[in-house]
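What follows is a set of notes on a single structure, which appears directly below.
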Amino acid sequence: MPVAWTHVGRFWTNGEPFLAVDEELLPHWRGMSDEAYEALVPDLDYELTSIPVGAGRAAVVLTDPEIGDEGWLEVFRGDDGSIAVVQANAGDYRGTLDLALRFSAADEQLADGVAVPSGRLAFVSAALDGTGENGALLMPESPGPTPTTDDADPDDGSPLLVVPPGSFRLSVRWRTELEDDAAFARWLFTRADR
């Protein structure tokens with residue numbers, strides 16, 4: 001049976017990667033204050049899918065520059081407990097998001113997982129701190145209709161999702177071209193404890 005997806009948030013990227021991390025590890029990420037992001041930049045490539053943060057790990061959502069140097073990353077929650085992050089560039093924005101969510105994960109790049117023992121999964125810009133004055137602004141998820149355009153003004157907020165405590169497997173589909181010059185990339189987090 002196909003997964004039913006609900007749009008629950010979005011976050012803006014200027015090309016920097018994002019971390020998907022347990023909220024309790026956020027104080028240990030000092031991307032700006034301790035220049036952890038600058039230290040990370042030389043290691044960024046498509047093979048890097050997680051990094052250590054405190055006593056745990058964070059998954060890396062490394063945006064695809066061939067889709068766009070900046071833009072929205074759309075976050076969806078599946079009725080099977082999975083989470084998808086989609087980066088798209090298309091005239092038919094909503095249609096491309098819908099197609100991205102239906103694409104098979106069979107030939108995706110398998111990536112490192114992420115543990116979320118607190119039950120709170122945060123998406124934060126790696127260029128910021130996890131907390132404090134230079135920290136990411138976390139916004140509770142906001143279920144609603146799938147966006148029809150990517151024209152909205154950027155904001156500084158990032159989604160914070162409440163999930164059952166446990167862990168996720170991550171798989172990545174890099175740039176996938178569709179008709180009419182549309183393209184997307186997708187990061188799929190599936191429950192590892194089911």
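The minimum heavy-atom distance between Leu170 and Ala59, with the atom names listed, is CD2-CB, 3.9 Å. Across all their heavy atoms, Phe123 and Phe18 have their closest contact at C-CD2, 4.2 Å. Here the closest non-hydrogen pair linking Arg186 and Ala100 is NH1-O, 2.6 Å. Smallest separation of non-hydrogen atoms from Ser171 and Leu110: CB-CD2, 4.3 Å. Nearest approach of Trp29 to Ala126, heavy atoms of both residues: NE1-O, 3.1 Å. Closest heavy-atom contact between Gly9 and His7: O-NE2, 3.1 Å.
Asp129 contributes a side-chain N or O that, together with a main-chain N or O of Ser33, makes up a donor-acceptor pair within less than 3.5 Å. Judged by distance alone, with hydrogens and angles left aside, the side-chain atoms of Arg169 form no donor-acceptor pair with the main-chain N or O of Gly113 at under 3.5 Å. Arg191 places no side-chain N or O within donor-acceptor distance of the main-chain N or O of Phe168, the cut-off being under 3.5 Å. Using modelled atom types, no side-chain atom of Asn14 and backbone atom of Glu70 make a donor-acceptor pair closer than 3.5 Å.
If you chain together hydrophobic residues whose side chains sit under 4.5 Å apart, Trp72 and Leu97 fall into the same group. Linking ILVMFWY residues whenever their side-chain heavy atoms come closer than 4.5 Å, directly or via other members, leaves Trp5 and Val163 in distinct clusters. Residues Leu48 and Val41 are members of one and the same hydrophobic cluster, defined by side-chain heavy-atom contacts under 4.5 angstrom among Ile, Leu, Val, Met, Phe, Trp and Tyr. There is no path of hydrophobic side-chain contacts, each under 4.5 Å, that joins Val114 to Val86. Note on Leu188: it does not cluster hydrophobically with Val116, by side-chain heavy-atom contacts below 4.5 Å among ILVMFWY residues.
The aromatic rings of Phe184 and Phe103 stand perpendicular to each other, their planes meeting at an angle above 60°, with 30° marking the opposite boundary.
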Verify side chain to side chain contact (heavy atoms under 4.5 Å, CB included) between Leu121 and Val21, making sure each step is shown before the conclusion. CA-CA 6 Å; Leu121 178 64; Val21 62; 5.8 Å; no
Please test Arg77 against Thr6 for side-chain hydrogen bond (donor to acceptor under 3.5 Å, both in side chains), starting from the C-alpha separation and ending with a verdict. CA-CA 5 Å; Arg77 183 189 288 270; Thr6 301; over 6 Å; no
What do the steps show when you test Phe189 against Val85 for side chain to side chain contact (heavy atoms under 4.5 Å, CB included), and what is the final call? CA-CA 8 Å; Phe189 296 82; Val85 177; 4.2 Å; yes
Show, in sequence, the C-alpha distance, side-chain angles and deciding distance for Ser158 and Trp12, and conclude whether the side chain to side chain contact (heavy atoms under 4.5 Å, CB included) test is met. CA-CA 8 Å; Ser158 296; Trp12 183 264; over 6 Å; no
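Between Leu62 and Val172 there is no side-chain heavy-atom pair separated by less than 4.5 Å. Using a 4.5 Å heavy-atom threshold, the side chains of Leu138 and Leu26 count as touching. The shortest side-chain heavy-atom distance between Pro17 and Leu44 falls under the 4.5 Å cut-off. Between Ile51 and Leu19 there is a side-chain heavy-atom pair separated by less than 4.5 Å. Side chains of Thr49 and Val60 form no contact here, defined as non-hydrogen atoms less than 4.5 Å apart.
Every residue two or more places apart in sequence or in another chain that forms a side chain to side chain contact (heavy atoms under 4.5 Å, CB included) with Ala185 is listed here: Asp64, Ile67, Gln87, Trp187.
At a cut-off of 3.5 Å, with distance as the only test, no side-chain donor of Thr148 or Arg94 sits close to an acceptor on the other residue. No side-chain N or O of Glu24 forms a donor-acceptor pair with one of Ser118 less than 3.5 Å apart. A donor-acceptor contact closer than 3.5 angstrom links the side chains of Gln109 and Trp174.
Note that CG of Asp92 is 8.0 Å distant from CG of Leu99, once rounded to the nearest 0.5 Å. Atom CZ of Phe76 sits about 7.0 Å away from atom CG of Asp98, to the nearest 0.5 Å. How far CD of Glu74 is from CG of Leu101: 10.0 Å, rounded to the nearest 0.5 Å. One finds the CG atom of Leu73 at 11.5 Å from the CG atom of Asp150 (value rounded to the nearest 0.5 Å). For the atom pair Ser104 OG and Arg173 CZ, the distance stands at 6.5 Å (nearest 0.5 Å). With rounding to the nearest 0.5 angstrom, the CG atom of Leu160 is 8.5 Å from the CD atom of Glu141.
Side-chain heavy-atom separations under 4.5 angstrom define the hydrophobic clusters, and the remaining members of the one that includes Met139 are Leu137. Met32 shares a hydrophobic cluster with Leu128; the chain of contacts runs through ILVMFWY side chains whose heavy atoms sit under 4.5 Å apart.
Within 6.0 Å of the CG atom in Asp181, the count of heavy atoms belonging to other residues, nucleotides or ligands does not exceed 12. Enclosure of atom CG in Asp43 by more than 12 non-hydrogen atoms of other residues, nucleotides or ligands within 6.0 angstrom is indicated.
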